[in-house]
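Quick note: numbers below take in every heavy atom, side chains included, and nothing from hydrogens, waters or symmetry partners. Keep in mind that what you see is a predicted model, and the values were worked out from it rather than measured. Ligands are counted one by one from 1 in listed order, and the atoms in each one are counted from 1 as well.
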Amino acid sequence: MALTIAGSDSGGGAGLQADLAAFGAFGVHGTTVVTAVTAQHTRGVEGVWPLPPEAVAAQLDAVLGDLPVRAAKTGMLGDPAVVAVVAERCAAGVLPRLVVDPVLVATSGDALAEDPSTLAKAIRDQLLPHAAVVTPNLPEAAVLCDLPVPETLDRPADAIEAMAEAGRQLVAAGATMAVVKGGHLHGPSAPDVVVSDTQVLVLDGPRVPTRNDHGTGCTLSAAIAAGLAQGMPALAAVQRAKAYVAAALESAKDWRLGTGRGPVDHRVWG
Ligand SMILES: Nc1ncnc2c1ncn2[C@@H]1O[C@H](COP(=O)(O)OP(=O)(O)OP(=O)(O)O)[C@@H](O)[C@H]1O
Ligand SMILES: Cc1ncc(CO)c(N)n1
């Protein structure tokens, strides 16, 4: 079984709703620590109500005090005080196989943190040393690493090298593996760059032509956590998760759910 520490997306496409759907697709029971409630749909975020750090701590301790959490992921944490609560449990050794999705901004471009750069610094300094895998998208990698990141695949070698450099910095900051996601790149493919101490690997795949890409990042990180909970090595869990997201995008590419960027089809596996 696995745990997600994340915000609620009322639209059901991202956040803890996406995480539970992805866990379920792999047959992994999901537990949830809610960090915030968002009023959100396929067009954007209408409101954010963070939970007090004490409420996050109480949920974490309730789950960890009873259930055998084999792997966990963090999504929207929102507030450096919540990062500190999670980091404390990591330091105590009770949050194994942690996947950190450093959520700062929604697919729509709306902020999911009051002060994204302070939150990014807290995540980098306090959570990355405990992360088995960290999964920034390109804007998140830019803030975490203070690096310019590419927007297009016009010069693929340059784009991949910039993503690899961000990944190396995140590994130097303490993550065992970094997956720098290329979902935001303009071009014919959607390459993710995987970096660890020993290798740099490009996981490439054709870009699915669709506007239904809300929650792909949450879905990827939850699928990685599901793999880790099932005992897979990190790279195998990342490769399976990438294939799952591609299949979920393909299956939902013609859906008309909402008038903005709709969800992916979480049911595609198994
Ligand atoms: N149109 C697409 N076709 C194929 N793969 C995609 C597409 N869009 C995103 N992906 C893949 O989905 C995963 C998530 O990437 P992305 O960069 O979109 O994350 P994100 O911005 O954190 O997502 P979100 O904020 O929507 O949850 C990556 O593996 C990426 O390569
Ligand atoms: C609650 C929540 N978490 C994460 C994301 C990132 O897609 C989102 N849009 N909403």
Asks: List the closest protein heavy-atom neighbour of atom 14 (C) of ligand 1: residue, atom name, distance to the nearest 0.1 Å.
Replies: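 So the nearest neighbour among protein heavy atoms is Thr216 OG1, 3.6 Å.
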Asks: What do you reckon, does Asp101 have a nitrogen or oxygen under 3.5 Å from a nitrogen or oxygen of ligand 1?
Replies: no
Asks: Considering heavy atoms of the protein only, find what lies nearest to atom 16 (P) of ligand 1 and give residue, atom and distance to 0.1 Å.
Replies: Gly183 CA, 3.8 Å
Asks: Please confirm whether Gly205 approaches ligand 1 to less than 4.0 Å, judged on its heavy atoms.
Replies: no
Asks: Check contact between Gly215 and ligand 1, using heavy atoms of the residue and a distance below 4.0 angstrom.
Replies: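 Per 4.0 Å heavy-atom rule, Gly215 contacts ligand 1.
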Asks: Within less than 4.0 angstrom of ligand 1, does Pro206 place any heavy atom?
Replies: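 It does, in that a heavy atom of Pro206 comes within the 4.0 Å cut-off of ligand 1.
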Asks: For ligand 1, note which part of Leu203 has a heavy atom under 4.0 Å away: side chain, backbone, both or neither.
Replies: neither
Asks: Return the closest protein heavy atom for atom 23 (O) of ligand 1 as residue, atom name and distance.
Replies: Gly217 N, 3.0 Å
Asks: In the protein, which heavy atom is nearest to atom 28 (C) of ligand 1, and how far is it?
Replies: Asp192 OD2, 3.3 Å
Asks: Look at atom 10 (N) of ligand 1 and say which protein heavy atom is nearest, naming residue and atom and giving the distance to 0.1 Å.
Replies: Leu249 CD1, 3.9 Å
Asks: Nearest protein heavy atom to atom 6 (C) of ligand 2, by residue and atom, and its distance?
Replies: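 Result: Cys218 SG, 3.8 Å.
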Asks: Is there a nitrogen or oxygen of Thr210 sitting under 3.5 Å from a nitrogen or oxygen of ligand 1?
Replies: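 No.
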Asks: If you round to the nearest 0.5 Å, how far is CG of Asp79 from CG of Leu51?
Replies: 11.0 Å
Asks: N/O of Val208 under 3.5 Å from N/O of ligand 1, yes or no?
Replies: yes
Asks: Relative to each other, are the rings of Tyr244 and Trp269 parallel, tilted or perpendicular (30° and 60° limits)?
Replies: perpendicular
Asks: Do me a favour and list the nearest non-hydrogen protein atom to atom 5 (C) of ligand 2 with residue, atom name and distance?
Replies: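 Sorting protein heavy atoms by distance from atom 5 (C) of ligand 2 puts Leu112 CD1, 3.6 Å first.
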